[in-house]
2 protein chains.
Amino acid sequence: MATQAGAVAQPRVPLSRTRVLGAAVALADEGGVDALSMRRIAQALGVVPMALYKHVTSKNELLDGMIDVLVGEIDPPAEGTDWKSAIRRRVLSARRMLLRHPWAPEVIEARMKARATPTPALLEYLDSMVGIFRGGGFPIGLVHHALHVMGSRLLGFSQELFEDRPGRAPDTDALPAEEMAARFPHLAELAMAVAHDPESVVGSGCDDQFEFEFALDLTLDGLERLLRNAS
Amino acid sequence: MATQAGAVAQPRVPLSRTRVLGAAVALADEGGVDALSMRRIAQALGVVPMALYKHVTSKNELLDGMIDVLVGEIDPPAEGTDWKSAIRRRVLSARRMLLRHPWAPEVIEARMKARATPTPALLEYLDSMVGIFRGGGFPIGLVHHALHVMGSRLLGFSQELFEDRPGRAPDTDALPAEEMAARFPHLAELAMAVAHDPESVVGSGCDDQFEFEFALDLTLDGLERLLRNAS
DNA sequence: ACCTGAACACCGTTCAAGT
DNA sequence: ACCTGAACACCGTTCAAGT
């Protein structure tokens, strides 16, 4: 059957920056950041690798774009609440986004180290966060401190060293449990206590969501105290 | 001039795991994590690439080893002080280590996501930190919370989104200053205030060391308050 | 038994040749 | 003018051939 000349060679949906970034995010969600390559993104889109460079100038710029896609997934600030619950809600929304994209902290860390300035969407997000603090009566100098205190928690992650990593293969250098307990007695005691804590989720060891909110609230309470002393 | 057969072909200092890790850390210190490749480490050591695999089973295992080298640079815990200043000193020592190796957070983040367990040296470090909290009278459950609250600050970094990055080339997508100020009014106000703050270091914008300690102390004060309420 | 060169299966990106 | 195949300069790691 004959088709209109030229039409058959084109992809059904024309390539666009949005489609490239979408495919990249999907690839990273599936296979982690190691699975992300220009060639594989192209393959997923049914396109020759060089075609991507029309919509993205380099892999680094692609990573920046992916960060902005993620920041776009964070809920806009709530209207008509106090600063504390507005910040709290927003941070928890950022955290939900992050749980969908576990590769994000690593990419954000890497790109932030390389860039002179956060990406545009990140600037917008930070600007709005600063606006919430200001609206809550924070003097500008205290806002500055607050940003440092919140650190990466503003984006929903706290760079845990000890995350639950279910389903991961045991490390090749892992020690037997008894030897672990002998060498790291305090960690062993901690693991024991957490495992028997009725508050924590059964099987998973510790309730990450609870702990995240606990740390977030401690931080916010500290800032609230500073605000009271300042005014 | 004749030399003893075989002697001339050997490197003056025989290769060892320590030498491999040392060369890798030095390479990362110089050129960042992107400059780190097995081939380049081998070149720096005057050795064929495959020779490294005698002392290191893979690049990932090399990265783990590098992390342990860094953790080894953190000062041992101070004796005979209260928990608060012991933790504080140790964290500030970790931060000094980190300032010598700016690539560390990215590598730690990446490896921690990939491994089931922190590296052995990191476990030792965390165990000792837990020991300090315990020695200070913290109930084990509160130690658990404390670790989550401290998060990455235990290792001296707080994953700042807005670090000073002097000497970095301006981003290709950077906006002119006036447009920046218009689009991000709250950040502009903040930048202005920080620039005029007599407390901050001239030229650098904000005093990172001061802000780090400020955030650290706020966190430690929060934990101290929890401890008082618990006992 | 040890060591290592060549090879394999990838990368990101340039560039010139095609339409 | 646009698109793209081949090529370039790299990767980490396997493996077989050398000693």
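- B:Leu155 CG to B:Met112 CE: the interatomic distance, rounded to the nearest 0.5 Å, is 7.5 Å.
- Here B:Arg40 does not reach the OP1 or OP2 of D:dC10: none of its side-chain N or O atoms lies under 4.0 Å away.
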Show each protein N/O and nucleotides 1-7 of chain D N/O combination with a separation under 3.5 Å, one pair to a line.
unit_1: D:dC3; atom_1: OP2; unit_2: A:Lys54; atom_2: NZ; d: 2.8

Note to self: Let's go through B:Arg183 and A:Asp127 carefully: what are the C-alpha distance in whole Å and the side-chain angles of both, what is the deciding distance for salt bridge (Lys or Arg N to Asp or Glu O under 4.0 Å) to 0.1 Å, and is it a yes or a no?
What the structure shows: CA-CA 9 Å; B:Arg183 264 186 70 181; A:Asp127 188 72; over 6 Å; no
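- Side-chain polar atoms of B:Thr119 and B:Asp68 form a donor-acceptor pair below 3.5 angstrom.
- Residue A:Leu52 contributes atom CG, which lies 14 Å from atom C1' of C:dC11 at whole-angstrom precision.
- Residues passing the side chain to side chain donor-acceptor pair (under 3.5 Å) test with B:Arg17, sequence neighbours excluded: B:Glu61.
- C:dC10 atom P lies 18 Å from atom CE of A:Met38, rounded to whole Å.
- In this structure, A:Lys59 atom NZ and C:dT13 atom C1' are separated by 12 Å, rounded to whole Å.
- Between A:Phe214 and B:His145, the angle of the ring planes stays under 30°, which puts this pair in the parallel group of the 30/60° scheme.
- Side-chain proximity of A:Ser37 to C:dC11, D:dG12, C:dT13: nearest is C:dC11.
- Remark: A:Arg19 CZ to A:Ile41 CD1 distance equals 12.5 Å, nearest 0.5 Å.
- Paired regions of DNA chain D, where each region holds three or more successive Watson-Crick or G-U pairs whose two hydrogen-bonding distances fall under 3.5 Å, are C:4-8 with D:12-16, C:12-16 with D:4-8.
- Rounded to an integer number of Å, the gap from A:Gln43 CD to C:dG12 P is 12 Å.
- The number of heavy atoms from other shown groups lying within 6.0 Å of CD (A:Gln43) does not exceed 12.
- Rounded to a whole Å, the CG atom of A:Leu36 is 16 Å from the P atom of C:dC10.
- Between A:Glu73 and A:Arg96 no salt bridge is recorded (no basic side-chain N to carboxylate O distance below 4.0 Å).
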